Amino acid sequence: MLAMPQPLRAVIYARFSTDMQRDASIDDQIRSCRDYAARQGLEVVEVYSDKATSGASLMRSGIQKLLHDAQGSNFDIVLSEALDRLSRNQADIASIYQKLQFRDVMIETVSEGSICEMHIGLKGTMNSMFLKDLAIKTHRGLKGRALAGKSAGGKAYGYHNVLRYDASGEPIRGDRKIDPIESNIVRRIFSDYAAGLSPKKIAEALNEEGIPGPSGRGWGASTIHGNRERGTGILNNELYVGRQIWNRLSYVKDPETGKRISRLNPEADWVITDVPGFRIIDQDLWDAVRTRQGAMKVKDTRTPIWDRRRPRTLFSGLMTCGSCGGGFSKVSQTAFGCSNARNKGKAVCDTMATISQAELERLVLDALQNTLMDQEALAVFCEEYARERNRLQSQASANRTSLEKDLATAKRDHAKLIDAIIAGVPAEQVKDRMLALDARRIDLEHKLARETAPSPVRIHPRMAETYRKKITILISELQTPDGMLEAKEALRSLIDRIVLQPSPATGKLDIHLEGALAALLMLSLGAKSQKDLSGKTQAFEDIEELVLVAGVGFEPTTFRL
């Protein structure tokens, strides 16, 4: 009796994006994919999904976990309802396809069937065009709402969105009305500010009374004063005096991070509409606030935007308050303090301890140079890495054994069919079965050829020494005009975050430094950045493997001031 071949292992990926408007979409996609798998004789071994997430970015937990699991040869096929569920971005879908192809993982969709390079090119282009066309149509529709004096997106504090339906049951969007409770808070903020209170004091009072802010969380000084040029913040919203301004800002997605970045549009592109029925603040109070704010400062446009966005100090943006999770920022010319404690008050955070910039930089640089990547920590890391590497190799060996067993079965069954033909069975009766077995044999041999044999752990014993030498050079380059910017970026890349936690014993700040494993390993291999590893394929593959296997890697360094 001939043994039946093992079914191919398939995983399902489903994505629900905000334009679908219903959570059941995930279940519908999965059900459709399961029906397809049953028809094709596929074994579904896992389901991945991302809810309410745009397909224009790969910053999605579900797709990232799928790509990670593909590296362990855990499945043979990725099954989705349509190619645009995996991604709508042309570059991203090409990247997904290449990564899965490298692991001998196929992509099939219910809509398009088996995916090849032609689908990636054509469908990827169509999906990108769809996003662009959708953005244009959406913008046109929102402009029509704005010209009619209706809400064109978002919810302004002090107002409540109203959803009505037309005669056919279709929603009529853009209507709103004044919220009596929130509008009173707006009047209070304007009155307090005009009377001389600072945004910080106003925010503290609102937080102490437990009044939720626009985001549903606590109030901050920036929520109140905002940015006058961009029209953000309570004090700058002209809707409160019956003047709606739409399209002041536009948003673009950073291809490196997937995050949206706002840009100020030319004033000629703004859509300004008078809506006197939505006035909350009388003109005298509005003018009094404007007088106290003073003349608007003219922005220096001579400095390129990439220079304006660079961190002002060596570790700006990396510091976190251990009590509230907020950021640390400059509270004087020489010291850092918790932003929430100063802008939102004790109701949100009571950490008032500060640390001087010079002391913080001295201690963190000393830890980077002398504590992270020390020999004992490296030995522990190597031991843990070797253990996990052995586990993965054992898993890979088991997979190889299974492939070899399946290949032997396919060859044996094929030989039996040949014997049957020799014995007199008509070739037409076994032709299809022989072709299937031969295709199975070729596929298994291809997979076995791609299976790598176990290799020794690639961690050089002098890696910590190389790391310290490189760190010393980077720190010295901070003092040179030519090398300062590059050294600054390289040093910042070694740090995930710096947590500053008040000490119960002294009231001062303890520093918890968390290193970025990939960057630490990269520097240990003799490179300042990924660019320096161009052409060094083996070194870069070593880093990818180390990060994948080791996870968080080195223990963070903790020291007390």
Side-chain angles (χ1 to χ4, degrees), residues 256 303-304 306-320 327-330 332-336 354-379 381-382 459-500 509-536 539-540 542-543 546-547 553-561:
E256 296 291 333
T303 305
W306 50 86
D307 282 340
R308 295 199 298 268
R309 291 174 57 192
R310 280 176 177 159
R312 294 184 178 180
T313 67
L314 181 56
F315 300 125
S316 291
L318 297 175
M319 294 170 283
T320 301
F328 259 62
S329 58
K330 274 290 188 72
S332 69
Q333 287 189 342
T334 60
F336 294 102
T354 63
I355 181 172
S356 72
Q357 178 181 341
E359 185 72 356
L360 175 77
E361 292 180 358
R362 182 185 69 79
L363 289 168
V364 173
L365 289 176
D366 180 72
L368 284 173
Q369 187 173 16
N370 300 313
T371 310
L372 285 179
M373 288 287 288
D374 67 14
Q375 208 61 44
E376 291 184 5
L378 182 59
F381 172 76
C382 291
I459 298 183
H460 197 279
R462 299 184 65 181
M463 192 163 68
E465 182 180 338
T466 304
Y467 167 84
R468 283 192 292 274
K469 287 180 180 178
K470 288 290 181 179
I471 280 286
T472 302
I473 294 172
L474 287 175
I475 292 175
S476 66
E477 289 179 351
L478 286 175
Q479 311 305 319
T480 65
D482 293 337
M484 181 181 64
L485 288 177
E486 185 180 354
K488 185 177 180 181
E489 291 301 317
L491 288 167
R492 286 175 57 85
S493 72
L494 300 176
I495 300 171
D496 271 338
R497 63 175 185 160
I498 303 168
V499 181
L500 296 108
L509 294 170
D510 291 344
I511 298 179
H512 188 79
L513 176 62
E514 298 179 2
L517 178 60
L520 290 168
L521 294 173
M522 192 176 293
L523 195 66
S524 302
L525 290 174
K528 287 183 183 178
S529 66
Q530 182 173 328
K531 294 179 181 178
D532 295 342
L533 287 177
S534 58
K536 302 177 183 177
F540 190 67
D542 288 350
I543 288 176
L546 283 166
V547 174
F554 301 105
E555 289 297 319
T557 300
T558 305
F559 51 95
R560 180 172 295 173
L561 295 178

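This one's a predicted model, so the numbers in the text were calculated from it and none came from an experiment.
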Is there a donor-acceptor contact under 3.5 Å from the side chain of Arg497 to the main chain of His512? no

What is the minimum heavy-atom distance between Arg492 and Thr313, and which atoms define it? NH1-O, 4.0 Å

Working to the nearest 0.5 Å, report the span between NZ of Lys488 and OG of Ser316. 6.5 Å

Looking at every non-hydrogen atom in both residues, tell me the closest pair between Phe328 and Thr320 and how far apart they are. CD1-C, 4.1 Å

Measuring from Leu500:CG to Leu513:CG, what's the distance to the nearest 0.5 Å? 10.0 Å

Candidate list Ile498, Ile511, Thr334, test side-chain contact (heavy atoms from CB on, under 4.5 Å), partner Ile355, passing option: Ile511

When rounded to the nearest 0.5 angstrom, what is the spacing between CZ in Phe315 and CG in Leu360? 6.5 Å

Atom CD in Glu477, atom CD in Gln479: separation rounded to 0.5 Å? 11.0 Å

CG of Leu363 to CG of Leu368: how many Å apart, nearest 0.5 Å? 11.0 Å

Which heavy atom of Leu474 sits nearest to which heavy atom of Ala487, and what is that distance? O-CB, 3.5 Å

How many angstroms lie between CD in Glu361 and CG in Leu314, if you round to the nearest 0.5 Å? 5.0 Å

